Amino acid sequence: MACAPDPSNNKNSSSILHQQVKKISRIPFSWGAHAWGIGREDPRRAIHALKVGTALTLVSLLYILEPLFKGVGKNAMWAVMTVVVVLEFTAGATICKGLNRGLGTILAGSLAFIIELVAVRSGKVFRALFVGSSVFLIGFAATYLRFFPSIKKNYDYGVVIFLLTFNLITVSSFRQEDVVPLARDRLSTIAIGCAICLFMSLFVLPNWSGEDLHSSTVRKFEGLARSIEACVTEYFQDQDKDDKILDKQASRASIHIGYRAVLDSKSSDETLAHYASWEPRHSMQCYSYPWQKYVKIGSVLRHFAYTVAALHGCLESEIQTPPSVRSLFRNPCTRVAREVVKVLQELAVSIRDHHRCAPDVLSDHLHEALQDLNSAIRSQPRLFLGSKHACANSHVLMELNSSKHTATRTTLPSFKTDGTSLLERRNTKADQPSERNEQGTLRPTLSKIAMTSLEFSEALPFAAFASLLVEMVVRLEMVIEEVKELERAANFREFTGHDYLTIDLTSNDKMRNPNGIPLDSHTISTAAE
């Protein structure tokens, strides 16, 4: 007897199929939204893609148009390859690759032509040996040359192109009688490709590596300022139970983003500075723009960012200072952080606008804030010299030590490190195997008491936080010195009393003073101070 189909199974299968079709139909929209987001983040990416497409269309005319194809022949493909390889996002990278490719091609063609002139006058066997040995020697010398630091930094791509072109022309000339037309056609097509790349890169909405390096340096200062501001705000804010965990995680993630961008910038800084050195002169006031000074500023900023990362680590520490103790030092710490943020913001504005910072950029306000922090710490000697709670824990630990002699000595080892101490501990383990279970149960309690006794001050975690603030001020002076070196080398315009720097000290989480009033923007100038 045949069973009737279950309508519920058909309904479920159709609903599953409908969901799958709906999910697949969303894929193009999700990809489109992602692509739109990438272009919206930096519109220059879409412009660069249009420039590459236009350059490839122009160079393909060598194949499409009959007169041009008759002039260059099948070697027109070298022009297409040149556009694909040479045309980069920034003008400096395009110039570097274009000149390297052109120079490598010219040198390789010239050397191959000289070798062909020598080899063509000899017999077939000698010619084969001569071509083979030339390929070996030139390949060995060119490859070994790439290990030289100066060559690898500036001309590595040119050496690779030289090696490729030389081998192609030299080896192919063994079977071809006249190698001059081959070298001429390849050189001309590569020159056409490089010319199109340089035109699109330099004259059609150019992207300059120097400007990218300049802007990224400014963003580093601003990102560190935001991280310090958010970190101090997070440290001293009231820990209410109603605080949303997601908001807290988002705030700490913003802190991480600010200094992490500085710590991860070494490679990009060096690359941008290298390509910027190939670009046309940036300023008429100096012969060679000091792009390497930006690399040095990035280095000292990373040294400074390590302190910010350690400051962020205080928020993630398992041992925290009670809020009641933190509130005693909220005012001076907030003031020190605010003054550091002011200095960083002022340095960012001076670099962005190409003018020198104020002579008193490290103002007396910062030193006064440090003195206030020092006075506040000195006013609470009991917190930093120990507490009754810690002393009580120490007494309990001593009593447990006296009751458990050797077992406790194994749990909490002393500072003896000589051979006698090691023999005593071995004998203890051999003579008292029955106490191991009791010792195992005691270890968590004793370890906890030992950790508490080591916390000789409940303000010890805050002491680490305050010391990092002071260290940050010391490293800030190194940053200021490097910025002033850049100003002198790049001939920034002099600072005048009319250069008012409006510094916004607000962020997503506004810093508030002890009265709960949000801090507004501050205008800093020499005349105002």
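Nothing here was measured: the structure is a model prediction, and the numbers come from that model.
- Residues Ser350 and Arg356 have side chains not in contact (no heavy-atom distance under 4.5 Å, counting atoms from C-beta outward).
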_The test is side-chain contact (heavy atoms from CB on, under 4.5 Å); show your working for Glu88 and His48 and say whether it passes._
CA-CA 8 Å; Glu88 293 287 343; His48 176 67; 5.5 Å; no

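- When all heavy atoms of Gly98 and Cys194 are compared, the closest pair comes out as O-SG, 3.9 Å.
- In terms of modelled atom types and a separation under 3.5 Å, the side chain of Asn100 and the main chain of Gly158 share a donor-acceptor contact.
- Between Glu487 and Arg493 there is no salt bridge, since no side-chain N of the basic residue sits under 4.0 Å from a carboxylate O of the acidic one.
- Residues Val262 and Ser265 approach most closely at O-OG, 2.7 Å, considering heavy atoms.
- With contacts defined as side-chain heavy-atom distances shorter than 4.5 Å, the pair Leu87/Ser201 qualifies.
- The aromatic rings of Tyr155 and Trp278 lie perpendicular to each other, with more than 60° between the two planes, well past the 30° mark.
- Between Phe329 and Phe462, the two ring planes are parallel [angle under 30°; tilted spans 30° to 60°].
- Partners of Glu481 according to the salt bridge (Lys or Arg N to Asp or Glu O under 4.0 Å) rule, which considers only residues two or more places apart in sequence or in another chain, do not exist here.
- Cys333 contributes atom SG, which lies 11.0 Å from atom CZ of Arg326 (distance to the nearest 0.5 angstrom).
- Legend: residues meeting side-chain contact (heavy atoms from CB on, under 4.5 Å) with Ile297, ordered by chain and number and at least two apart, are Thr217, Phe221, Leu301, Glu482, Val483, Leu486.
- The minimum heavy-atom distance linking Met472 with Val340 is given by the pair SD-CG1, 4.1 Å.
- Shown are Val84, Val83, Thr82; of these, the side chain to side chain contact (heavy atoms under 4.5 Å, CB included) with Val86 is made only by Thr82.
- The two atoms that bring Ala93 and Tyr275 nearest to each other are CA-CD2, 3.6 Å, heavy atoms only.
- Side-chain contact between Ser299 and Phe304 is absent, with no heavy atoms from C-beta onward closer than 4.5 Å.
- Contact annotation: the side chain of Glu234 never approaches that of Glu229 to less than 4.5 Å [non-hydrogen atoms, C-beta and beyond].
- Listed here is the closest heavy atom pair of Arg101 and Tyr157: NH1-OH, 3.2 Å.
- In this structure, the side chains of His312 and Ser227 stay at 4.5 Å or more apart for every pair of heavy atoms.
- Salt bridge status for Arg335 with Glu368: present, with a side-chain N to carboxylate O gap under 4.0 Å.
- Here the side chain of Ser317 pairs no donor or acceptor atom with the backbone of Cys314 at under 3.5 angstrom.
- In terms of modelled atom types and a separation under 3.5 Å, the side chain of Glu279 and the main chain of Ser209 share a donor-acceptor contact.
- The minimum heavy-atom distance between Ile151 and Arg146, with the atom names listed, is CG2-CA, 4.4 Å.
- With rounding to the nearest 0.5 Å, the separation of NZ in Lys266 from OG1 in Thr271 is 9.5 Å.
- Here Arg475 contributes atom CZ and Arg302 contributes atom CZ; the two are 13.5 Å apart, rounded to the nearest 0.5 Å.
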*Apply the test side-chain contact (heavy atoms from CB on, under 4.5 Å) to residues Asp372 and Asn331: give CA-CA distance (whole Å), side-chain angles for both, the deciding distance (0.1 Å), then the verdict.*
CA-CA 9 Å; Asp372 291 344; Asn331 237 3; over 6 Å; no

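- At distances below 3.5 Å, not a single donor-acceptor pair connects side-chain atoms of Lys293 with backbone N or O atoms of Arg488.
- With sequence neighbours left out, the ring-ring contact (aromatic ring centres under 6.0 Å, His included) criterion links Phe148 to no other residue.
- Ring geometry, His214 versus His354: the interplanar angle falls under 30°, so the pair is classed parallel (tilted spans 30 to 60°).
- Looking only at side-chain heavy atoms (C-beta outward), His367 and Gln371 stay at 4.5 Å or farther from each other.
- Residues Pro280 and Ile95 are in side-chain contact: their nearest non-hydrogen atoms beyond the backbone lie under 4.5 Å apart.
- A salt bridge is defined here as a Lys NZ or Arg NE, NH1 or NH2 lying under 4.0 Å from an Asp or Glu carboxylate O, and Glu485 with Lys296 fails to meet this definition.
- A cation-pi arrangement is absent between Arg44 and Phe89 under the rule of less than 6.0 angstrom and at most 45 degrees off the ring axis.
- Taken to the nearest 0.5 Å, the CH2 atom of Trp291 stands 10.0 Å off from the OG atom of Ser277.
- When side chains are defined from C-beta on, Leu315 counts as touching Ile255, because their heavy atoms get closer than 4.5 Å.
- Here the straight-line distance linking atom CD1 of Ile196 with atom OG1 of Thr54 works out to 11.0 Å at 0.5 Å rounding.
- Between the CD atom in Glu270 and the OG atom in Ser268 there is a gap of 9.0 Å [rounded to 0.5 Å].
- By the 4.0 Å N-to-carboxylate-O rule, Lys342 lies close enough to Glu339 to be salt-bridged with it.
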_Pair Lys153, Ser150 - check side-chain contact (heavy atoms from CB on, under 4.5 Å), show working._
CA-CA 5 Å; Lys153 180 180 179 182; Ser150 59; 5.9 Å; no

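- Between Lys220 and Asp269, at least one side-chain N (NZ, or NE/NH1/NH2) sits under 4.0 Å from a carboxylate O, which counts as a salt bridge.
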*Verify side-chain contact (heavy atoms from CB on, under 4.5 Å) between Val473 and Leu366, making sure each step is shown before the conclusion.*
CA-CA 8 Å; Val473 175; Leu366 182 56; 3.8 Å; yes

